[in-house]
Protein chains: 2
Amino acid sequence: MSDRRPVSNPLALAVLSLLYERPMHPYEMATTLREREKAESIKLRFGSLYSVIDRLEQEGLIRAGERIREGKRPERTVYHITEAGSVEMRDWLRELVSTPVKEYPQFEAALSLLPGLPPDEAIEMLELRGELLDGMIEQIDARHEQAANYGIPALFMIESDYRKRMLECERVWIRQLIEQMVEESWADIELLEGIPTWRQMHAERNGGDE
Amino acid sequence: MSDRRPVSNPLALAVLSLLYERPMHPYEMATTLREREKAESIKLRFGSLYSVIDRLEQEGLIRAGERIREGKRPERTVYHITEAGSVEMRDWLRELVSTPVKEYPQFEAALSLLPGLPPDEAIEMLELRGELLDGMIEQIDARHEQAANYGIPALFMIESDYRKRMLECERVWIRQLIEQMVEESWADIELLEGIPTWRQMHAERNGGDE
DNA sequence: TTCCGTATATTCGCTGACGAGTATACGGGG
DNA sequence: CCCCGTATACTCGTCAGCGAATATACGGAA
């Protein structure tokens, strides 16, 4: 582990918070999480469910309770959260809310390697991304409107409101970047760089390669 | 694998883009990446370096060249990018730039489980996060100023400019969320929810638990 | 000359992640 | 009453990820 958390898979947090509400058996956890569409905002891989539950139990954060058989279906073990589990859940949540962690969005990686693409191609791809972002934002809007009609309270929508805001923000940033690149205003920054140099670099690469 | 990419570790993309510049041996790749502080924007775990290189070679994206011995140091294998490797690199980059992928920031998970925290605590943690974000933004500013003084061109700073913008955006969003929560304006949303109900839920939990 | 701290260069072993597979049970249609 | 598609419930094997250990070399100080 060496991890910050005793069981670091985010699925574990979801499990804890379900059991904090009420005891459940594993399969019910999976269906409940699916019903609530938690997988939209949390990285949940249900293939890891049973191993996560085992580790939570070993750490004493949950405990196995009744084994119930309904009809001729296989026995199901109902799990309960323990006191230590409740503490862990709250502590984990507090940490996640209060402390920004360094994450590595793939787009950031791409930006830092952007010179690996010829500039015109880069611009083209950025434009495409912009359009796709627009589409995603629209989709979220539609879902929000629908939710409002169903009377779902805003408290249940903060995650997606947050995501929407971030997408909008990225969208604006990209628009501005494209503008700058098209104006070649990179060249203003004096010194070696700027779009012309970048373009030249790729032009030279044609012919004398590996 | 079953992955979108033949070698999906982001370190592989970094390796490809280094070898696209010039042939190198593994340790040199590591030091170069460190020098350029690529680990700021790309998730690089150098423990995976050699296994990534092996897989890249197996996939025919790079090939081992000369084995060089300098002084009495151990032999080092210099790797070259292949044509297929260049293609893969460009294609991967194009995809990363053009196509937004669903990622799972931990904060989003926290937001979607926020009701697991009593509301006053939630507000407190959000305020703390806000302050920490301010600090991070200042740090980026400082680095940018320094870079400008050294005459480092803006092209080399886009990743961090992007990150800065995202942080600022999150900061604003959080400020607004706190405002709304403090005003209890969640209650406006009519129906079951709102801060009062949320608070009550946690109050009831004292005494009749697992 | 000898020491040792730091750089060089790589290997290894554990463990978590998770897709894909398995097996049984229910229930509705024919 | 039988069939089979879908839901229920879980297991397993593989494999990538990566921290930590290892080992040797260099070079400056004493």
Side-chain angles (χ1 to χ4, degrees), chain A residues 1-15 18 23-35 39 42-59 61 64-79 102-104 106 109, chain B residues 1-15 18 23-35 39 42-59 61 64-79 102-104 106 109:
Chain A
M1 201 103 344
S2 106
D3 254 320
R4 182 143 205 77
R5 290 290 152 193
V7 185
S8 63
N9 192 322
L11 179 54
L13 182 59
V15 166
L18 285 178
M24 277 188 201
H25 59 90
Y27 191 74
E28 194 185 358
M29 298 178 204
T31 43
T32 308
L33 288 171
R34 273 193 263 259
E35 243 176 52
I42 314 177
K43 195 181 171 198
L44 303 175
R45 304 296 138 142
F46 293 103
S48 311
L49 182 57
Y50 291 85
S51 92
V52 159
I53 286 176
D54 287 347
R55 269 175 289 149
L56 283 171
E57 194 182 5
Q58 272 159 43
E59 297 284 339
L61 302 175
E66 324 82 73
R67 318 200 84 232
I68 295 182
R69 145 161 289 137
E70 227 166 72
K72 275 179 204 149
R73 290 163 169 296
E75 259 189 352
R76 297 166 314 180
T77 306
V78 175
Y79 287 89
K102 231 216 139 327
E103 282 168 310
Y104 298 87
Q106 300 191 26
Chain B
M1 201 106 345
S2 105
D3 254 319
R4 183 144 204 76
R5 289 292 152 192
V7 184
S8 63
N9 191 321
L11 180 53
L13 182 58
V15 166
L18 285 178
M24 276 190 202
H25 59 91
Y27 190 74
E28 193 184 0
M29 298 178 202
T31 42
T32 308
L33 289 170
R34 272 193 265 259
E35 243 175 50
I42 313 176
K43 195 180 171 197
L44 302 176
R45 304 297 137 141
F46 294 102
S48 310
L49 182 58
Y50 290 84
S51 92
V52 160
I53 287 177
D54 287 348
R55 269 175 289 147
L56 283 171
E57 193 182 4
Q58 271 158 46
E59 297 286 339
L61 303 175
E66 325 83 72
R67 319 200 83 232
I68 295 182
R69 147 163 286 136
E70 226 166 71
K72 275 177 206 151
R73 291 164 168 295
E75 260 191 351
R76 299 165 312 182
T77 305
V78 175
Y79 287 90
K102 229 215 141 326
E103 282 167 311
Y104 297 88
Q106 300 192 25

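Chain naming here is simple, since letters A, B, ... match the order of the sequence lines and numbering starts at 1 in each.
Taking atom CZ of residue B/R45 and atom P of nucleotide C/dT11, one finds them 22 Å apart after rounding to whole Å. B/H25 has its NE2 atom 8 Å from the P atom of C/dT10, to the nearest Å. Rounded to whole angstrom, the span from the OH atom of A/Y27 across to the C1' atom of C/dT22 amounts to 14 Å. The OH atom of A/Y79 sits 11 Å away from the C1' atom of D/dC10 (whole-angstrom rounding). One can place CG of A/L44 at 19 Å from P of C/dG16, the figure rounded to the nearest angstrom. Rounded to an integer number of Å, the gap from CG of B/D54 to P of D/dA16 is 11 Å. A straight line from CG of B/D3 to C1' of D/dA16 spans 10 Å, rounded to a whole angstrom. The separation between B/R67 atom CZ and C/dT10 atom C1' is 12 Å, rounded to whole Å.
Within the model, atoms NZ of A/K102 and NZ of B/K43 stand 11.5 Å from one another, a figure rounded to the nearest 0.5 Å. One distance of note links CD of B/E57 with CG of B/L61; it measures 10.5 Å at 0.5 Å rounding. Distance check, rounded to the nearest 0.5 Å: CE of B/M24 to OG1 of B/T77 gives 15.0 Å. Residue A/I42 holds its CD1 atom at 9.0 Å from CG of A/L11, rounded to the nearest 0.5 Å.
With distances taken from any side-chain atom of B/S48 to the nucleotides C/dT10, D/dC18, C/dA17, the minimum falls on D/dC18. When the nucleotides D/dA9, C/dT10, C/dG19 are ranked by their closest atom to the side chain of B/R76, C/dT10 comes out on top. Of the candidates C/dA17, C/dT8, D/dG19, C/dT8 carries the atom nearest the B/T31 side chain, counting heavy atoms from C-beta on. Looking at the side chain of B/R55, the nearest of the listed nucleotides D/dA16, D/dA9, C/dA9 is D/dA16. Nearest to the side-chain atoms of B/Y50 among the listed nucleotides C/dC18, D/dC10, C/dA9 stands C/dA9.
A donor-acceptor contact closer than 3.5 angstrom links the side chains of A/R55 and A/S51.
Residues B/R76 and B/R67 fail the side-chain proximity criterion, which asks for heavy atoms closer than 4.5 Å.
Between A/N9 and the phosphate of C/dA17, there is a side-chain N or O to OP1/OP2 separation shorter than 4.0 Å. For the pair B/K43 and D/dG17, the criterion of a side-chain N or O lying under 4.0 Å from OP1 or OP2 is not met.
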DNA chain C in dot-bracket, Watson-Crick or G-U pairs under 3.5 Å, [ ] crossing, | other strand? ||||||||||||||||||||||||||||||

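For the pairing with A/Y79, the side-chain contact (heavy atoms from CB on, under 4.5 Å) check across A/M29, A/H25, A/E28, A/E66 returns one residue only, A/M29.
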